[in-house]
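Here the structure comes first, spelled out in structure tokens, and everything after it is commentary.
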Amino acid sequence: MVVVSLANGAKREYPRGTRVADIVDELGGRLKKEALVARVNGVVHDLSYALDEDAEVCILTFNDSDGEDVYRHTSSHILALAVKRLFGDVKLGIGPSIKDGFYYDFDCKETFVPTDLERIEKEMEKIIKEDLPLERFELERTHALKFFADSGEIYKVELIEGLPEDAVISCYRCGEFVDLCAGPHLPSTGKVKAVKLLSLAGAYWRGSEKNPMLQRIYGTSFPKKSMLEEYLHRLEEAKKRDHRKLGRELDLFSIQDEGPGFPLLHPRGMIIRNELENFWREEHRRDGYSEIKTPIILNRVLWERSGHWDHYKENMYFTQIDEQDFAVKPMNCPGAMLVFRTKMHSYRDLPVRMGELGLVHRHELSGTLHGLMRVRAFTQDDAHIFMLPSQIKDEVAKVIELTDRIYNVFGFEYHVELSTRPEKAMGSQEMWDAATSALREVLEERNISFVINEGDGAFYGPKIDFHLKDSIGRTWQCGTIQLDFQMPEKFDISYVGEDGQKHRPAVIHRVVFGSIERFFAVLIEHYAGAFPVWLSPVQTVIIPITDRHHEYANQVLAALEKEGIRAEADLRSEKVGYKIREAQLQKIPYMLVVGDKEAESGEVGVRERSAGDVGSLPLDQFIANIKEEINNKS
RNA sequence: GCCGACGUAGCUCAAUUGGCAGAGCAGCUGACUUGUAAUCAGCAGGUUGCGGGUUCGAGUCCCAUCGUCGGCUCCA
């Protein structure tokens with residue numbers, strides 16, 4: 001017998017070899033209907049898993065993230081089977097679950113077209129109706145290799161070859177289809193209730209552009225039709241917050257054919273940007289930063305020295321001046337090095353924190369451009385911190401604090417990644433190890449959870465990245481803290497130590513917003529265009545009811561402008577409702593309706609963007625309120 | 001850069017098998033003088049992304065190119 005402890009604390013005895021499914025049957029009820037897989041002693045298994053020792057068993061449903069994962073994973077197998085049935089010469093890549101869905105990669109002579117998705121979807125529904133069981137079995141390595149080689153599955157063969165010698169090679173049979181798969185899976189295809197194929201895309205095999213490009217089909221699935229509909233509805237809603245759409249509607253910025261990846265900021269967008277920069281300067285002054293500005297174009301020699309010529313040339317723009325080669329800066333660091341080098345620094349002066357709102361240009365691949373999120377010219381809210389090696393951890397911690405402080409003003413949630421040595425890197429392994437563990441220690445000491453991003457560091461050092469979400473849940477790297485022992489060497493910068501000798505300082509490159517353009521885009525989506533008052537391009541619009549209230553409207557306007565409040569008066573001969581509708585669509589935080597009543601009493605009728613009509617206030621009182629709101633950035 | 005889809009008025013979208021490029025909103029002009037999300041009427045607005053080709057005739061078909069969108073890759 002084996003002793004099984006269930007999630008609710010109950011302990012029961014079962015004969016050895018009892019399957020989890022048998023336990024689920026016995027438990028009955030809703031769980032029996034919803035059970036997908038089970039976590040047995042911490043490992044997720046099929047319901048058909050046979051218990052051969054005492055175990056803690058937790059039955060998982062779609063509500064558990066592991067359950068959801070398996071649900072989508074099985075859905076991807078159904079997709080693969082459907083494609084196999086409908087298309088002759090198909091080789092399979094991989095088909096994992098992803099956030100909110102799944103995909104499968106296919107190598108198929110025929111090019112899938114959007115109407116194929118409907119066909120495939122229908123076939124998937126058929127497979128679901130057939131309620132085919134997914135059966136797990138193991139193959140010995142050479143058998144597995146032969147099996148997949150015989151069936152022409154060259155990608156699967158490659159996957160098996162990549163597995164460690166002692167790996168258990170498992171496969172799942174689903175109807176006439178056998179796939180190499182670690183599992184686990186749902187007991188049968190009928191468990192999948194609502195499935196929808198969403199899009200078609202090319203994807204390199206194993207993510208490398210050296211490999212052939214496969215056709216990827218994305219989809220999602222849910223245990224209830226209503227959940228699928230809700231999800232699709234949510235996607236539609238999210239699209240309404242897309243910063244590209246709002247940027248046009250709110251007249252914030254444009255990107256035109258004449259400058260792909262080179263955004264044009266309109267007056268209203270510029271107001272927001274300036275507010276962000278003002279805020280940035282305040283916070284950085286408070287933390288002991290100075291500010292510099294370095295040129296956009298500098299001599300090629302500088303870039304050879306910095307290592308950019310060797311490591312970053314493909315991303316740079318070049319030009320010639322007086323028959324000499326110059327480069328448009330893709331990063332601000334070399335300029336900062338030049339500034340630091342202009343004078344002697346004592347160890348007593350360190351750390352030196354030098355900020356720069358620096359405009360950089362990078363030649364990004366055309367296919368990667370995306371609104372303001374990925375562009376070819378952007379302003380980094382950069383800073384370089386020159387410090388004693390002993391100050392590294394303190395300074396990194398201070399930057400983390402500053403970043404957190406700034407993100408909190410906007411109410412952002414973010415996740416942190418630690419990126420390690422890339423293939424194409426400068427500096428010794430020891431240097432990288434020391435720098436990487438310094439970053440890791442700071443994160444660990446501050447109890448900040450992070451994921452490791454292997455090989456994703458900058459060419460000169462490891463980094464901590466801060467990622468923010470866009471409206472449809474894609475994350476974008478914004479803040480980053482990069483440790484650099486290379487640049488100080490290359491530029492031979494130094495400080496004079498206590499001993500009167502020259503020493504090499506360590507350098508941190510860091511940004512908080514990251515790119516002001518990208519941060520702006522994330523902000524637009526985060527607020528859905530309804531910016532807090534301090535950021536709103538127009539903070540108040542005055543709406544006179546008829547022409548005879550224009551004089552009072554102008555008085556109110558003058559009073560607001562005198563207090564530095566961004567206000568406009570809508571003097572068009574339109575109805576109040578019309579002007580309000582327009583102000584609402586422009587997401588202006590306050591509308592002041594003024595008519596006879598207000599003109600007489602010196603009040604304003606306040607309509608708040610989301611709360612609606614909130615009644616009349618003396619003008620002075622309104623001004624005091626809005627000023628407080630602006631100052632608090634609330 | 002690669003794979004796929006798509007480019008029609010400032011915006012959102014129509015245009016039968018290839019057969020006179022159209023509507024709403026926005027804009028302009030006028031009337032209306034309005035109390036919390038669209039007053040009415042009129043006017044104007046286009047080398048259908050750009051360049052070739054097929055055809056009696058191309059927004060529609062073909063080629064090329066630029067751009068956009070969704071991914072891949074890359075990255076702030």
Side-chain angles (χ1 to χ4, degrees), chain A residues 103 105 111-114 116 198-218 239 242 244-245 248-249 251 254-261 312 314-315 330-332 360 362-382 419 422 456 458 463 465-468 472 474 476-480 482 509 511-519 521-522 543-550 572-585 591-598 605-609 612-616:
Chain A
Y103 67 78
D105 287 342
T111 303
F112 301 144
V113 296
D116 287 335
L198 297 169
S199 64
L200 213 44
Y204 297 110
W205 167 238
R206 300 195 131 178
S208 166
E209 55 194 333
K210 290 178 198 104
N211 290 337
M213 182 163 275
L214 310 180
Q215 302 188 69
R216 177 171 298 176
I217 297 177
Y218 285 93
K239 276 188 196 151
D242 190 311
R244 294 166 296 189
K245 183 174 156 65
R248 187 174 53 237
E249 288 170 357
D251 196 14
S254 60
I255 300 175
Q256 306 181 27
D257 287 1
E258 288 78 356
Y312 209 72
E314 310 76 56
N315 286 294
M331 295 186 193
N332 300 302
V360 299
R362 297 182 185 175
H363 179 79
E364 298 296 342
L365 295 177
S366 60
T368 68
L369 302 179
H370 183 94
L372 290 181
M373 295 285 192
R374 178 165 289 106
V375 290
R376 285 175 170 161
F378 56 99
T379 304
Q380 292 186 303
D381 63 316
D382 222 333
S419 296
D456 210 39
K463 57 181 188 159
D465 294 325
F466 298 80
H467 292 250
L468 300 176
I472 58 172
R474 291 175 294 208
W476 297 87
Q477 185 189 314
C478 288
T480 174
Q482 314 185 343
H509 308 245
V511 290
V512 179
F513 293 150
S515 133
I516 295 184
E517 289 75 3
R518 176 179 290 179
F519 194 79
V522 175
I543 300 177
I545 288 168
T546 72
D547 292 358
R548 75 173 176 279
H549 309 114
H550 283 190
R572 295 173 303 174
S573 60
E574 294 289 352
K575 289 189 169 178
V576 176
Y578 181 86
K579 296 182 188 178
I580 284 177
R581 176 180 155 82
E582 203 139 291
Q584 279 301 148
L585 291 175
M591 287 152 258
L592 304 182
V593 178
V594 297
D596 291 331
K597 253 184 338 196
E598 289 78 11
V606 181
R607 182 188 167 92
E608 205 270 327
R609 178 169 57 190
D613 190 352
V614 293
S616 284

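We name chains A, B, ... by the order of the sequence lines, and we start the count at 1 in each one.
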message: Does the structure show A:Tyr218 stacking with B:G71, if we require the centres to be closer than 5.5 Å and the planes to be within less than 30 degrees of parallel?
response: no
[X] side-chain N/O to [N] phosphate OP1/OP2 under 4.0 Å:
X        : N     : result
A:Gln380 : B:A76 : no
A:Arg244 : B:C69 : yes
A:Lys463 : B:A76 : yes

message: Under a plain distance cut-off of 3.5 Å, with no hydrogens placed, do A:Arg216 and A:Tyr218 share a side-chain donor-acceptor pair?
response: yes
Is there a donor and acceptor pair closer than 3.5 Å between the side chain of [X] and the base of [N]?
X        : N     : value
A:Tyr204 : B:G71 : no
A:Glu598 : B:G35 : yes
A:Thr368 : B:C72 : no

message: Between A:Glu364 and A:Arg374 (side chain of the first, backbone of the second, donor and acceptor by atom type, cut-off under 3.5 Å), is there such a pair?
response: no
Nearest to the side chain of [X], which nucleotide is it out of [options]?
X        : options             : result
A:Val375 : B:A76, B:U39, B:G70 : B:A76
A:Asp257 : B:G67, B:A38, B:C11 : B:G67
A:Arg572 : B:G27, B:A38, B:G35 : B:G27
A:Asp613 : B:C72, B:A76, B:U36 : B:U36

- line: Paired to B:U8 by Watson-Crick or G-U wobble criteria (both distances under 3.5 Å) is none
- prompt: Between atom CZ in A:Arg548 and atom P in B:C32, what is the gap in whole Å?
  reply: 15 Å
- prompt: Which heavy atom of A:Trp205 sits nearest a heavy atom of A:Leu214, and at what distance?
  reply: CE3-CD1, 3.7 Å
Pairs touching residues 575-584 of chain A that satisfy side-chain hydrogen bond (donor to acceptor under 3.5 Å, both in side chains), sequence neighbours left out: A:Arg572-A:Glu582, A:Gln584-A:Arg607
